[in-house]
Amino acid sequence: MELREDIGPLRRRSVVLFVLVFVALGLIHLRLVHLQLVHGAEWRNLAENNRLRRLPLPGPRGWIYDRRGEVVAENVPSWELLLFPDEASNLDETGLFLAREGITDTRTFRELLAERRIGRQAPLVVGENLAWNQVAAVHSHQGDHPELSVVSRFRRHYPYSDLTAHAVGHLRPVSKTQVAENPDLEPDSMVGATGIEANQENFLAGTSGHRWMMVSAVGRQLGVVRETRPTTGNDLGAALDISLQRAAAEALGDRAGGVIALDPRNGAVRVLYSSPSFDPSVFGGRLSRADWQALQEDPDHPLQNRCLQGVYPPGSTIKPFLALGGLSEGLIDPQATVYCNGSIVLYGHRFHCWRRGGHGFVNLERALAESCDVYFYLLGQKLGIEGMERWLRRFGFGERTGLDPPFESPGLIGTPEWSRLVRKTPWYPGEAVSMSIGQGPLLVTVVQLARAFAMLANGGRSLQPRLVPADVEIAPPLEIEPHYLELVNAALAEVVHGPHGTARRLAALPMAGKTGTAQVARLQEGVASDELEAHLRHHAWFVGWAPLDNPEIVVAVIVEHGGDGSRSAAPVAGRIIEAYLGLNQDDPTPPDPGELSATANPPPSAEGG
């Protein structure tokens, strides 16, 4: 094989390749000279003076309306102040500037910096609901504080303020856990904390967007680089009726208590009012530590939802359910009479009736209408704690109704097992006697009583109380003889319309119901509840429905330390029912098809019902 020794072509190709590489490198160097020497100052100035900011664009929450279209939660425009900490040359000076303009104090400012919860590039909200003079002050000092940026946002507003605070609820800043679980949430997002705002968070909440802005060294916006638009949440129509809510607030006045009114046909809650209340709009932004502490330490506990969280002895309002138990189990004859002389001795202890002189001979109807305690002491002895627990649970006592599960109390039905595990004491037979008139280890919520009486009014069908319309599944009635239910309901009508009924002051209204007076402290002989200090007086109850023949509304009222139920609670319920009948007389609204602790054991009450 012949080998060629001429390497000339290889050399020529190598030279060409070298020249190409040299030319390429030369062009690169020329470009670098052009950029760094000829236009270096210009590009350096642009690089130093321009910054890219990502501004969050919160998605507005949906509005909330009552059943008649009244706005109960809306969004109003406001100014917020954002801080980009990494762009500040001196954060201490920034804090002093904000304090001088009254936007925030230096302590709160330092706390905000310490609470930075996600990436350092995210802005902090350091001022909310700014006044126009504060906005102008930030703009006029933008050159000194380019790290600040005023943006337009929406702030949650509740037109009816404290009237709807516990029903509609309020907002709170998103938690660290929620931010970690959902990267789409901004660290300063507001989410539902209580009430409808919390229960319907996924439906009401919008989706945030972002805007990337080019800004100068003095914070002046030079233009939008790109933007993702936010989406608005869904509007929601609640079952509440503001007219009735207002009637409840006016009737209750400045007294502590709670009112629930619901439709026994579908569970739609028309009224949920707890007093005292608070302005939920203060939670529309970041609540200061001082304001939060003041709300928590308020001795009147305005944040407590007394309709769902408050637990009370039910007093005589529990008697209709025990009467149904006694009838159903054949323990009492509705026509048989019991003699009440004002007291009775059972298990070696004397139990008093609320009427010291006694009621004389009473049958079931009169015992319910006049709230005779002696009759129910004997019934409680016959049923025993097992029988009472069985019948009370059938009507939903001792468990949450599901209206607002995270905050709702289940109440308490004391049993021997509960006494052994919780109180660490034995169970005494006399405790069942006390429970038969709604005292002793028996605690209920206002919403539990409203639901239970709704079951009496609708023929024994269980229902789910709802603040928001939903598909309603009609439950079958409880296994109770209809005749027994008619007997009890007729007796509850006599409570209002009978000559000796405990709520006969409401006789002008077509309604039925039951009063209750729950003892808080033991009374000394000859001392009336009204003579005690306010915090020791009895709690006052009334629960009832209207109209009599075709019930459309059930109202449950508790007046804390209100004394006698017939004097304090019954008139509140009467005002609400009167308002309901007046509202619906000319414009009857059919039910929408889609609408839907303490362990103290006080002695038996001087129970007047």
Side-chain angles (χ1 to χ4, degrees), residues 51 53-58 60-61 74-118 120 122-159 161-162 165 170-174 186-191 193 211 213 215-221 278-298 302-303:
R51 298 183 177 91
R53 287 180 177 173
R54 189 194 72 162
L55 300 178
L57 301 175
R61 292 178 72 83
E74 62 184 348
N75 304 316
V76 295
S78 68
W79 296 102
E80 284 188 358
L81 184 61
L82 301 184
L83 168 69
F84 293 82
D86 296 320
E87 298 181 16
S89 58
N90 189 325
L91 285 172
D92 290 334
E93 291 184 2
T94 303
L96 291 174
F97 167 72
L98 297 177
R100 188 167 58 250
E101 297 300 330
I103 296 174
T104 186
D105 58 79
T106 53
R107 176 184 175 183
T108 302
F109 181 72
R110 288 194 297 268
E111 291 174 351
L112 288 173
L113 292 176
E115 291 176 1
R116 297 178 69 185
R117 294 182 282 184
I118 63 172
R120 292 177 58 81
L124 293 176
V125 177
V126 293
E128 299 172 310
N129 205 25
L130 300 184
W132 176 245
N133 65 304
Q134 294 173 324
V135 174
V138 173
H139 281 308
S140 64
H141 291 81
Q142 195 75 72
D144 300 325
H145 300 287
E147 68 277 7
L148 298 176
S149 179
V150 176
V151 296
S152 176
R153 297 283 178 85
F154 286 103
R155 182 181 180 88
R156 201 63 159 172
H157 177 251
Y158 302 93
S161 188
D162 56 348
H170 62 83
L171 304 182
R172 62 169 176 80
V174 66
E186 291 295 324
D188 291 296
S189 297
M190 302 298 293
V191 296
R211 176 180 295 156
M213 297 289 300
V215 296
S216 68
V218 295
R220 184 169 60 88
Q221 297 181 356
F278 61 96
D279 181 5
S281 294
V282 302
F283 291 93
R286 183 180 294 273
L287 191 66
S288 70
R289 187 184 300 272
D291 290 341
W292 174 242
Q293 188 172 358
L295 281 171
Q296 284 190 310
E297 295 178 355
D298 190 322
L303 295 179

For [X], what residues pass the side-chain hydrogen bond (donor to acceptor under 3.5 Å, both in side chains) criterion, not counting sequence neighbours?
X: R153; result: E80
X: T94; result: E147
X: D162; result: none
X: T106; result: none

H170 and F283 aromatic ring geometry - parallel, tilted or perpendicular at 30°/60° bounds: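 The rings of F283 and H170 lie parallel, inter-plane angle below 30°.
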Heavy-atom closest pair, residues M190 and P173: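 Nearest heavy atoms, M190 then P173: CE-N, 3.7 Å.
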Shortest non-hydrogen separation from A165 to P280 and the atoms involved: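 Heavy atoms only, the tightest pair is CB-CD, 3.8 Å.
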Got a sec, which residues hit salt bridge (charged side-chain N to carboxylate O under 4.0 Å, His left out) with [X], two or more places apart in sequence or on another chain?
X: E74; value: none
X: R156; value: E197
X: R110; value: none

Which value, rounded to the nearest 0.5 Å, describes the distance between [X] atom [atom1] and [Y] atom [atom2]?
X: L82; Y: L148; atom1: CG; atom2: CG; result: 9.0 Å
X: L113; Y: T108; atom1: CG; atom2: OG1; result: 11.0 Å
X: L98; Y: H145; atom1: CG; atom2: NE2; result: 7.5 Å
X: H157; Y: S78; atom1: NE2; atom2: OG; result: 11.5 Å
X: D105; Y: R100; atom1: CG; atom2: CZ; result: 14.5 Å
X: F97; Y: T104; atom1: CZ; atom2: OG1; result: 12.5 Å

Worked verdict on W292 versus L303 for side-chain contact (heavy atoms from CB on, under 4.5 Å): CA-CA 11 Å; W292 174 242; L303 295 179; 3.7 Å; yes
Derivation and outcome, side-chain contact (heavy atoms from CB on, under 4.5 Å), residues L171 and V191: CA-CA 5 Å; L171 304 182; V191 296; over 6 Å; no
Non-hydrogen side-chain atoms of S149 and F84 separated by less than 4.5 Å: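 A side-chain contact exists here, since the closest heavy-atom pair is under 4.5 Å.
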All side chain to side chain contact (heavy atoms under 4.5 Å, CB included) counterparts of [X], not counting sequence neighbours:
X: N90; answer: D92, E93
X: A136; answer: none
X: D144; answer: H141

Test ring-ring contact (aromatic ring centres under 6.0 Å, His included) applied to F109 - qualifying residues, sequence neighbours left out: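 Counting only residues at least two positions away or on another chain, F109 forms no ring-ring contact (aromatic ring centres under 6.0 Å, His included).
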V138/I103 under side-chain contact (heavy atoms from CB on, under 4.5 Å): CA gap, chis, key distance, verdict: CA-CA 10 Å; V138 173; I103 296 174; 4.0 Å; yes
Donor-acceptor under 3.5 Å (N129 side chain, R155 main chain):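 Judged by distance alone, no pair lies under 3.5 Å.
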Derivation of the side-chain contact (heavy atoms from CB on, under 4.5 Å) call for V151 and W79: CA-CA 6 Å; V151 296; W79 296 102; over 6 Å; no
